[in-house]
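To start, the structure under review is shown below, and the notes come after it.
Reckoned from all heavy atoms, side chains included, excluding hydrogens, waters and symmetry mates.
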Amino acid sequence: MSELAISAISVAVDETPSYRPAPDITEPELREIAEVVAALDEIPVERMAVLPDSPEDVASHALAAIGAPANSQPLFLFRSGPDPDPFVAMLSRLVHSADWVSEDYGITHLDELAGVALLALLSWAADPVVGATALVLDQPVFVDTEAPPKSMLAVALRISGAGPLRVLANAEGAVPEAVRADAVHRFNGTGPCDAWVGLHAGLRSGLVGDGDRVLLHTCGGVREGWALLEVGAASAIRLSGSVGDEH
């Protein structure tokens, strides 16, 4: 579909992520992967830590918070990196625990642009009437224990062809000056979920209101992208999750 709009946003945050030190890993296949990643990152394997798969992670909480759609629609999982468990697919567990009855798709390795790249993909992959639920996940699998992530984030979006938060434009690369000047509010970040979390907070607090144009800008260590949105009716956007109560 050529037009996208968002009717609901949910956010989940884990401010105390727990990792397993690579020296403590007993599974030979997982230990081998950790050693390969450590070599690629040029750090000692003793400094490498691995995220264990958990049914209570931020992805599960964000999906539960946004709830089941009114009609059957596909679920798209957009990850910044690879799946955390090479043996049990995380997406399969998610749809099973959520009792998701429609199709599901996993898109990985989108780095910091997962949160804005999803808009371009869904503009042609989703049916405008049926819509879709998109789950954006920023959850590094392998980390250097000397530079661990401060938090893990997940954002769930309910998307269709029409709704109270309309997508006007989005692209990879630097923000054009005309787009920057058109935005009343700007929410920036280095990760795929950061700008969405900022928008969620802005809507909840009342900072962002009807008619406002909002710029979501992601600029990480490797890639940069943006999206321009327009708020039609702020009160009609359902907000839920760990940074705010549901509207």
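Contact annotation: the side chain of P149 approaches that of V143 to within less than 4.5 Å [non-hydrogen atoms, C-beta and beyond]. The shortest distance between side-chain heavy atoms of P21 and Y19 does not fall below 4.5 Å. At a threshold of 4.5 Å between non-hydrogen side-chain atoms, the residues L199 and L216 count as touching. L119 is not listed as a side-chain neighbour of L122, based on a closest heavy-atom distance of 4.5 Å or more. Looking only at side-chain heavy atoms (C-beta outward), V58 and L153 stay at 4.5 Å or farther from each other. S160 places none of its side-chain heavy atoms less than 4.5 Å from the side chain of P128. By the 4.5 Å heavy-atom criterion applied to side chains, I9 and L165 are counted as neighbours. For the pair D14 and Q139, the minimum side-chain heavy-atom distance is 4.5 Å or more.
Transitive grouping of hydrophobic side chains (ILVMFWY, heavy atoms separated by less than 4.5 Å) keeps F76 and V130 in distinct clusters. At a threshold of 4.5 Å between side-chain heavy atoms, the hydrophobic network of Ile, Leu, Val, Met, Phe, Trp and Tyr places L121 and V116 in two separate groups. Under a hydrophobic clustering in which Ile, Leu, Val, Met, Phe, Trp and Tyr are joined whenever their side-chain heavy atoms come within less than 4.5 Å, directly or via other members, V175 and L118 fall into different clusters. No single ILVMFWY cluster, assembled from side-chain heavy atoms under 4.5 Å apart, contains both W196 and L215. Cluster annotation: W124 is connected to V167 through the hydrophobic network of ILVMFWY side chains, with a link wherever side-chain heavy atoms come within less than 4.5 Å.
Contact detail for V13 and S151: the closest heavy-atom pair is CG1-CB, 4.3 Å. Closest heavy-atom contact between C193 and V136: SG-O, 3.5 Å. Shown here for P74 and G131, the closest heavy-atom pair between the two residues is CD-O, 3.4 Å.
Using modelled atom types, no side-chain atom of D212 and backbone atom of V208 make a donor-acceptor pair closer than 3.5 Å. Within the 3.5 Å criterion, the main-chain N or O of S60 finds a donor-acceptor partner in the side chain of D57. With S10 contributing its side chain and A62 its backbone, the two residues share a donor-acceptor pair below 3.5 Å. Of the possible polar contacts, none joining the D41 side chain to the I43 backbone as a donor-acceptor pair under 3.5 Å is found. Judged by distance alone, with hydrogens and angles left aside, the side-chain atoms of R213 form no donor-acceptor pair with the main-chain N or O of L168 at under 3.5 Å. Between the side chain of T218 and the main chain of G189, no donor-acceptor pair closer than 3.5 Å is present. Of the possible polar contacts, none joining the H217 side chain to the A174 backbone as a donor-acceptor pair under 3.5 Å is found. The main-chain N or O of L207 is found under 3.5 Å from a side-chain atom of H185 such that the two form a donor-acceptor pair. D111 places no side-chain N or O within donor-acceptor distance of the main-chain N or O of L113, the cut-off being under 3.5 Å. Looking at D210, its side chain does come within 3.5 Å of a backbone N or O of A234 through a donor-acceptor pair.
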Notebook entry, point to check: Under the side-chain contact (heavy atoms from CB on, under 4.5 Å) criterion, do K150 and E15 qualify, and how do the steps go?
Noted result: CA-CA 6 Å; K150 296 180 180 178; E15 296 180 342; over 6 Å; no
Checklist line | Criterion side-chain contact (heavy atoms from CB on, under 4.5 Å) on F187 and V214, from CA distance to verdict | finding: CA-CA 8 Å; F187 298 101; V214 179; 3.5 Å; yes
Margin query: Walk me through whether V155 and D138 qualify under side-chain contact (heavy atoms from CB on, under 4.5 Å).
Written below: CA-CA 9 Å; V155 173; D138 187 13; over 6 Å; no
Checklist line | Intermediate values then yes/no, side-chain contact (heavy atoms from CB on, under 4.5 Å), F78 and L135 | finding: CA-CA 6 Å; F78 295 87; L135 183 60; over 6 Å; no
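Electrostatic pairing of R223 and E112 does not count as a salt bridge here, judged by no charged N lying under 4.0 Å from a carboxylate O. The existence of a salt bridge linking E35 and R31 is confirmed by a sub-4.0 Å separation between a basic side-chain nitrogen and an acidic carboxylate oxygen.
Residue L40 holds its CG atom at 9.0 Å from CE of M48, rounded to the nearest 0.5 Å. Between atom CG of residue L228 and atom CZ of residue R166 there is a gap of 9.5 Å, rounded to the nearest 0.5 Å. Rounded to the nearest 0.5 Å, atoms CG (L137) and CZ (R79) are 4.5 Å apart. One distance of note links CZ of R180 with CH2 of W226; it measures 10.5 Å at 0.5 Å rounding. Residue S240 holds its OG atom at 6.0 Å from CD1 of I66, rounded to the nearest 0.5 Å. Distance CE/M152 to OG/S18: 8.0 Å, rounded to 0.5 Å.
Within a 6.0 Å sphere centred on CD of E32, heavy atoms belonging to other residues, nucleotides or ligands number 12 at most.
Under 3.5 Å, the side chains of R158 and T133 contain a donor-acceptor pair of N or O atoms.
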